[in-house]
Amino acid sequence: MLKLTNTLTGSQEVFAPLDGSTVRMYTCGPTVHNHAHIGNLRTYVFEDILRRHLHSKGWALKHVMNITDIDDKIINRAIEAGQDIKTYAEPYTRAFFEDCGKLRIERPDIITPATDYIPEMIDLVQRLLDAGYAYPEGDSIYYRISRFPNYGRLSRLDRRELKIGARIDADEYEKEEPSDFVLWKAPKNEKEPHWQAPFGAGRPGWHIECSAMAMKQLGETLDIHCGGVDNIFPHHENEIAQSEAVTGKPFVRFWVHGEHLLVEGEKMAKSKGNFYTLRDLLEREYDPLAIRYLLVSVPYRKQLNFTWDGLVAAQRSLERIKEFLFRLNTARLGPGSNPQLDAEAAAAFENALDDDLNTAQALAVVFDLIRKCNTALSDAVVKEDDRKRIFRFFQNVDERLAIVPPMEAIVQGDEQIESLIANRNEARRKRDFASADLIRQQLLDRGVVIEDTREGTKWRRK
RNA sequence: GGCGCCGUACCCAAGUGGUUAAGGGAGAGGUCUGCAAAACCUUUAUGCAUCGGUUCGAAUCCGAUCGGCGCCUCCA
C-alpha cells in the first residue's frame, strides 16, 4: 500500500489511481534556457523513483512532463542570439534529456513543449474571461484571485499575508490587486514572439501552460502533480486557481513536492559560486551513478546537503555493492537452497518504498542483505539457488532505484588479462614477488583489480 | 512580520510512544594474504540541540529556548 505525503493536506495518504488502473501524473519540467543543475536533477530523480514505484504496483502510468520553451529569459537570449525561440531552446532541451539519461532517469510518456499548446492556452484564457475569473488591463489579461475563495489553500498562504509590493513587475502595475497574476502578456515590442488571440496579440503567462497541457493530456482531474517545493507558491497555487475555475472539479488529487538540495549547507546560487550542473560534476570525473546514488540516499521530503565528501562516500557505497555482486557471482557454490538468507529482504524493500518513498530505508535493506550474505558466503552456506534468488532481488533493486552497478563492469571474459594473471601466479609460485607485483601494477593501470582468494585469483574492472 | 520544515555518533542518515537507537562513509581492531593498497568480519551514541512538562514508559507527544533552512509573485 503506497503512502504519499500530499501537500494539499500536509499528511500521508494512501495512494491509488482514481480510475483504479491508470495513474495520470504530471511533473513540472525544465525551462530550457541553460543546463540543468544538480538541484533540478534531484527533483527529477525523485520523480523517477516515484514513476518506477507506480509501475511496480501494476498500474498503467501516463506521465506527462512539460518543457517551458517560452519565458522572459529565453526570449531575451534568443533575441540577443538572433534566433527564434525554438532554435534557441532546442539544444538545451536535448541536453536536458541527455543529462537525465546519464542519471538513468526514465523518459516521461508524453513531453509537452509549451509553444505546441498555444491554442489550448488561448481557449483556457477565453473561458476564464467569459466566467469572470479574468480581466483585461492594458493589453494583458490577468487572473482575479479575489474570485477564487480557495486561493492559498495549497501553500497555506492567506492572500492578506502576502507581502504586498515586494516584487511587482514593471509591466504589471495596472492590476486590480497586486497579487493577481498574468495569464496573457501583451508583447513589449515587435521582436517578442506573440500569437493572435480573440482578446489581443500576446504570449502566455507562465502558469497557464501547465493547466492547459495537463488537462489536455490527462483530463480535468490528475492523480499526481509533482515539482520542487519552490513551485508550491505561486506556480501550483495558480494552476489550481486557473484549472478549477474553468472545470469546477478538483485539478489534482495528490500534490507531491520534492525538497531542495543545498550545497555545503547553503542554498545553491550562482552568486555563491556553489552552483553545479551535471556537466560540471562529470568534468571532475565523478561517476554519474554515484551522483544518482547520493540523490537517492536522502528521502525526497528532506533537504539534501550536497558535499564533495558525500559524493565520495556515495561512490564507496556503490563499490561495496559492486564488490558483493562480484563475490557472489564468482563464488563456487554447492547445490541446494537456503531461503532464510533473503526471506525478508524483498518485502522490507517494498515496504520502505511504500512508506512515502523512503529510499534511505530501502538502501538499508539492501546493505543488510549484503552483510548477511557476505557472512554466509564466508561460512559457505550460500547455495546455487540462493545466488539466483539474490541476483533477482538486486535486479529488482536496480529496476526500482537504478543504482546497481552494471554486471558488465563486474563480469567479463578477457584472454589477455587472464593470461597476465596466469603469468603473475606463475611468478608467485616461484616466489618472484617483484615480477608478480609488476604485473599487478600493469593490470591496475588498465583498470583491472585483482583479488587473491581461497578460490583462486579473481579479477574485475574498477 | 506571516506561514512551514529541520536539529540523531567524526560525516551522511533511518527511526516519530514500548525489547539491546537501522544503514552507508570514515576511524580502530582482526581474518585472509608472499605482501596488501584489495576483500571480508567486528567495533564506534546509557545517547537523539537545550531546558521543562505529559506518561507506567519519550529521540518520538506538549511548551519554552537556542541553532540551521525554506516560502511569502524569477526559481527544481
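The chains referred to below are lettered A, B, ... by the order of the sequence lines, with proteins before strands, and numbering in each begins at 1. Just so we're clear, the structure is a prediction, and the values are computed from it rather than from any experiment. Atom set for the values below is all heavy atoms of this structure, side chains included, hydrogens, waters and symmetry mates excluded.
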Touch check for [X], heavy atoms < 4.0 angstrom, all strands: base, sugar-phosphate only, or nothing?
| X | answer |
| --- | --- |
| A:Arg301 | nothing |
| A:Lys267 | base |
| A:Gly265 | sugar-phosphate |
| A:Pro30 | nothing |
| A:Gly258 | nothing |
| A:Ala313 | sugar-phosphate |
| A:Ser297 | nothing |
| A:His37 | base |
| A:Arg440 | base |
| A:Arg428 | base |
| A:Leu261 | base |

- Message: Quick check, does A:His260 stack with B:A76? I mean ring centres under 5.5 Å and planes off by under 30°.
- Response: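 Ring-base stacking flag set for A:His260 and B:A76.
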- Query: Does the ring of A:Phe433 meet both stacking tests against the six-membered base ring of B:G34: centre distance under 5.5 Å and plane angle under 30°?
  - Reply: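 Yes, aromatic ring over the base.
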- Nearest of B:U73, B:U42, B:A76 to any side-chain atom of A:Ser179?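 It is B:U73.
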Using purine N1 to pyrimidine N3 plus N6-O4 or O6-N4 for Watson-Crick, or N1-O2 and O6-N3 for G-U wobble, each under 3.5 Å, what pairs with [N]?
| N | value |
| --- | --- |
| B:A39 | B:U31 |
| B:G17 | none |
| B:C61 | B:G53 |
| B:U73 | none |

- Query: Counting heavy atoms not belonging to A:Glu344, are there more than 12 under 6.0 Å from its CD?
  - Reply: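 No, the 6.0 Å shell around CD holds no more than 12 heavy atoms from other groups.
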Can the ring centroids of [X] and [Y] be said to lie less than 6.0 angstrom from one another?
| X | Y | value |
| --- | --- | --- |
| A:Trp308 | A:Tyr286 | yes |
| A:Tyr92 | A:His35 | yes |
| A:Phe254 | A:Phe15 | yes |

Is there a donor and acceptor pair closer than 3.5 Å between the side chain of [X] and the base of [N]?
| X | N | value |
| --- | --- | --- |
| A:Arg156 | B:C71 | no |
| A:Asp452 | B:C35 | yes |
| A:Arg460 | B:A39 | no |
| A:Asp368 | B:G24 | no |

- Message: For the C1' atoms, the ones on B:U73 and on B:G68, what distance do you get once it is rounded to whole angstrom?
- Response: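 My reading of the C1' atoms in B:U73 and B:G68 gives 26 Å.
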- Query: Rounding to the closest angstrom, what is the interatomic distance between B:A59 and B:A9 at atom C1'?
  - Reply: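 One C1' to the other, the span is 14 Å.
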Any side-chain N or O of [X] below 4.0 angstrom from OP1/OP2 of [N]?
| X | N | answer |
| --- | --- | --- |
| A:Asn374 | B:A39 | no |
| A:Lys430 | B:G34 | no |
| A:Asn238 | B:U73 | no |

- Message: Using the rule salt bridge (Lys or Arg N to Asp or Glu O under 4.0 Å), only one of A:Arg400, A:Arg292, A:Arg104, A:Arg107 pairs with A:Asp48; which is it?
- Response: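 Checked A:Arg400, A:Arg292, A:Arg104, A:Arg107 against A:Asp48; only one passes salt bridge (Lys or Arg N to Asp or Glu O under 4.0 Å): A:Arg292.
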- Side-chain H-bond candidate by donor/acceptor type, A:Thr307 with A:Asn305, under 3.5 Å: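 On atom types as modelled, these side chains do not qualify, holding no pair under 3.5 Å.
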